[in-house]
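Predicted model only: the values in this text are computed from it and were never measured. Along the sequence shown, residues carry numbers from 1.
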Amino acid sequence: MIKILGGRVYSAVGIGILLLGLTGLIVFGMQYFLGMSLLPPQNALTEGRFSVDDGPWKQVNGDGTIPDSFHTLTCKWTLPEYSLETYSNLNISSKNVWYELRGSSGQLLAEHNYQSKQALLDKSYDLYRNAARDIGDSSDPMLDRNYFDKNFPIGDAPFMYMPDTPGYKTTVTSIDELVRLGLTENESLTLTVTNPYSDSEMRFSECFDITLSGDNGYYLRFFSDVLPVLLVFVLICFFGIFLFPIAGFILGKIDYRYLTFGLLSFFWGLFMIGQRIGNYINLWIYDPTVCMALEVLLNYILIAAILFYLKSNLKNAVPRMLANLTITVFILTSAVAAILHFSHIRDLYATSRYMYIVTAVGVLILVILLINETGKQALTERKRSLLFLISWIPLALTILVDAVNHYVYFTRIHFYYFGLAVTMFFQIFRMILDLKRQYKEAIRYQQIQKELYEARVGVMVSQIQPHFMYNALTSIAMMCSIDPDTAKDATITFAKYLRGNMDSLKQTAPVPFEQELEHLKKYLYIEKLRFQDKLNIEYDIQTTAFYLPLLSIQPLVENAVKHGVGMKKKGGTVTIATRETEEAYEVIISDDGVGFDTNAEKPDDGRSHVGMENTKRRLKELCDGEVVIESTVDVGTTATVVLPKSGQQNANAEGE
């Protein structure tokens with residue numbers, strides 16, 4: 001079953017790589033064709049002067065960019081020579097600002113200003129009526145004013161329309177229309193851009209874009225510059241939906257880390273898609289406020305997915321509870337921001353600065369929880385957790401650089417996207433390696449089941465050897481005449497002991513220590529009948545909350561009885577104890593018998609040591625455990641079974 005599921009996952013990976021390759025070919029062909037045969041868009045602000053907040057006039061950069069922050073910005077410039085003859089459209093894209101574009105005589109060429117809903121309907125109706133008149137269409141039902149008011153996009157959407165919120169606005173105006181409005185070659189143009197958010201400074205080049213292009217220039221720009229990247233993030237969404245959740249079922253159980261990372265990958269893809277089409281989304285969604293709300297909400301959903309993924313790497317109950325509380329606060333805060341937006345109280349952009357504070361606090365809390373838990377983990381788990389935390393450093397650093405860049409401007413590049421990409425691809429690589437490791441372990445686990453079955457048979461046979469059965473039955477027979485009640489109890493105990501050994505053939509998973517301890521007590525009860533006062537048994541059980549392979553302790557106890565205390569003339573004491581440390585559980589079997597030299601070669605005494613070797617192997621394979629034996633001649637022997645807590649999670653799951 002595991003091989004079939006694993007094959008399907010690798011097939012999915014192969015299909016994804018094939019799709020990515022085909023996408024690359026399509027993108028290359030598209031860019032080559034569009035770049036060779038179509039007129040590329042040109043920034044309309046290649047030269048001119050601008051003034052920020054009625055300050056001194058400055059020269060526009062040679063590439064047409066204005067990096068200054070502003071509340072009100074006025075720019076005066078002249079279109080490049082032959083623009084009216086060469087280009088077909090003037091394209092304006094704005095984010096969260098109002099603007100007006102006027103000619104030298106004051107005529108209005110383009111605008112996005114605060115207007116009441118009714119004023120916007122009036123203007124939209126006039127434009128629609130003029131367009132219908134130009135094409136000679138008088139039968140359109142939209143020419144009826146009442147019908148227009150009810151069926152125009154903003155006519156039946158009062159819940160979304162916010163007249164005092166600029167949102168994301170994209171306007172494509174034909175050069176012919178501008179000429180009709182009075183635009184002439186080499187005419188001086190005046191652009192006024194206003195930031196309506198008094199508590200937030202904006203940089204002009206990050207919120208405003210004005211270009212000249214050929215026919216359908218904005219769409220061509222979208223297909224050549226944006227669509228190729230969009231296809232890559234669509235593939236990332238594909239991996240998030242299909243690959244990682246499926247991988248979580250390979251071992252027959254849901255892995256919460258895979259599931260949350262699948263969601264994170266999916267929403268990261270959606271977030272980046274939203275970022276890439278932010279300047280174009282108004283081409284398809286009429287309401288600018290909805291365009292802005294979609295991008296902001298995708299950002300909040302991505303942050304929630306990051307928080308869930310960070311939480312999935314927490315193991316202990318208290319940190320997970322604190323993480324759940326942190327995530328709940330973030331989700332409720334996001335919901336309040338959305339309610340304020342759609343209730344027309346305060347839009348999502350205005351409340352985003354407060355949401356970023358909540359985000360920073362939430363992420364910081366989860367990182368502190370992860371660091372605190374990492375310090376308490378076993379060495380192997382600690383290395384993996386540290387590597388996980390280090391993988392988020394690129395994102396943290398780029399956020400810090402962007403924060404500095406917001407106040408001390410040195411580039412228009414948003415490093416946050418690069419840091420997020422590096423971190424996410426590192427997470428994908430880490431998940432693939434982790435999946436590969438678990439897949440190999442699952443295959444190896446299946447392969448050793450047959451060997452472990454044979455080992456259990458060997459252990460069982462070694463523990464019910466004929467001489468042990470003869471000694472037990474002889475002891476019981478002697479008790480029949482001396483103490484019939486004890487003989488009866490011994491017979492029942494011996495029968496239960498034999499049944500426990502037979503049941504071990506069916507048991508493949510680790511068992512609770514209490515179950516192993518009960519079986520040991522039956523064995524020692526029978527041995528006590530044989531050795532009488534020469535064998536003393538003591539228990540020092542301080543913890544039982546762990547799992548271990550069935551019949552993995554008995555060979556050690558058997559050695560302590562037979563080859564430790566049993567070889568001593570006066571007998572002795574066998575002690576079984578358990579301890580819990582920060583990193584492991586320990587089972588300690590000690591005796592004050594004859595002991596032996598641990599450095600000496602194993603004697604050729606005709607006895608098989610396969611049982612002990614099988615015990616060590618089963619402890620290692622199923623619980624990542626080990627056996628440490630210390631012995632001193634004429635003093636005694638101590639065998640310590642160390643069961644790391646890091647191996648208890650799988651042992652617990654298998655045992656259940």
Side-chain angles (χ1 to χ4, degrees), residues 12-13 16-17 19-24 26-28 31 95 205-206 222 224-245 247 257-281 294-310 312-313 352 356 359-360 362-363 366-367 370 387-406 410-435:
V13 174
I17 294 174
L19 289 175
L20 187 62
L22 292 175
T23 301
I26 294 173
V27 168
F28 175 77
Q31 288 187 324
K95 288 186 175 183
S205 295
E206 295 178 357
F222 171 81
S224 62
D225 295 343
V226 179
L227 185 59
V229 180
L230 253 58
L231 294 176
V232 173
F233 286 108
V234 166
L235 285 179
I236 291 175
C237 291
F238 165 80
F239 281 116
I241 293 174
F242 296 104
L243 180 59
F244 293 104
R257 290 183 306 122
Y258 286 123
L259 184 61
T260 54
F261 185 72
L263 292 174
L264 175 57
S265 297
F266 175 73
F267 288 119
W268 174 47
L270 284 185
F271 169 74
M272 292 307 298
I273 289 174
Q275 292 294 318
R276 294 298 298 176
I277 66 174
N279 290 337
Y280 305 89
I281 193 170
L294 283 176
E295 184 171 327
V296 175
L297 290 176
L298 282 175
N299 193 10
Y300 293 166
I301 293 173
L302 173 66
I303 294 170
I306 291 176
L307 294 177
F308 273 112
Y309 178 56
L310 292 175
S312 71
N313 287 270
S352 61
Y356 292 145
T359 299
V363 172
L366 264 74
V367 169
L370 284 167
L387 184 62
F388 171 76
L389 290 172
I390 291 172
S391 69
W392 291 89
I393 290 179
L395 177 59
L397 288 178
T398 52
I399 291 176
L400 181 62
V401 171
D402 279 348
V404 173
N405 186 49
H406 179 75
F410 54 85
T411 180
R412 61 183 299 181
I413 298 174
H414 289 281
F415 294 96
Y416 164 71
Y417 302 123
F418 297 100
L420 180 60
V422 171
T423 295
M424 286 300 299
F425 281 120
F426 189 95
Q427 298 302 318
I428 291 175
F429 179 72
R430 174 176 170 268
M431 279 289 180
I432 291 175
L433 290 181
D434 188 62
L435 175 60

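Between the CG atom of Leu294 and the CD1 atom of Ile273 there is a distance of 12.5 Å, given to the nearest 0.5 Å. Distance OH/Tyr309 to CG/Leu366: 13.0 Å, rounded to 0.5 Å. Note that the OG atom of Ser312 and the OH atom of Tyr258 stand 11.0 Å from one another [nearest 0.5 Å]. Taking OG1 of Thr359 as the start and CG of Leu307 as the end, the distance is 7.5 Å to the nearest 0.5 Å. The line from CE of Met424 to CZ of Phe271 is 11.5 Å long, rounded to the nearest 0.5 Å. The CG atom of Leu420 sits 6.0 Å away from atom CD1 of Ile306, with the distance rounded to the nearest 0.5 Å.
In this structure, Gly240 and Ser265 approach most closely via the heavy-atom pair CA-CB, 3.7 Å.
With sequence neighbours excluded, no residue forms a side chain to side chain donor-acceptor pair (under 3.5 Å) with Thr398. Residues meeting the side chain to side chain contact (heavy atoms under 4.5 Å, CB included) test with Phe425, sequence neighbours left out: Ile236, Trp268, Ala421, Ile428. The salt bridge (charged side-chain N to carboxylate O under 4.0 Å, His left out) test applied to Arg257 returns Asp255, Asp434, not counting sequence neighbours. Residues satisfying the ring-ring contact (aromatic ring centres under 6.0 Å, His included) criterion with Phe308, sequence neighbours excluded, are absent altogether. With sequence neighbours excluded, no residue forms a ring-ring contact (aromatic ring centres under 6.0 Å, His included) with Phe418. Here Val367 pairs with Val363, Ile371 under the side chain to side chain contact (heavy atoms under 4.5 Å, CB included) rule; sequence neighbours left out. Not counting sequence neighbours, the partners of Phe266 by the side chain to side chain contact (heavy atoms under 4.5 Å, CB included) test are Cys237, Ile241, Leu270. Partners of Ala305 according to the side chain to side chain contact (heavy atoms under 4.5 Å, CB included) rule, which considers only residues two or more places apart in sequence or in another chain, are Leu264, Phe267. The side chain to side chain donor-acceptor pair (under 3.5 Å) search around Thr423 returns none, not counting sequence neighbours.
Using a distance-only test at 3.5 Å, with no hydrogens or angles considered, no donor-acceptor pair links the side chain of Asn299 to the main chain of Glu295.
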Under 3.5 Å donor-acceptor pairs involving side-chain atoms of residues 387-397, not counting sequence neighbours:
unit_1: Ser391; atom_1: OG; unit_2: Phe388; atom_2: O; d: 2.4
unit_1: Ser391; atom_1: OG; unit_2: Gln427; atom_2: NE2; d: 2.4

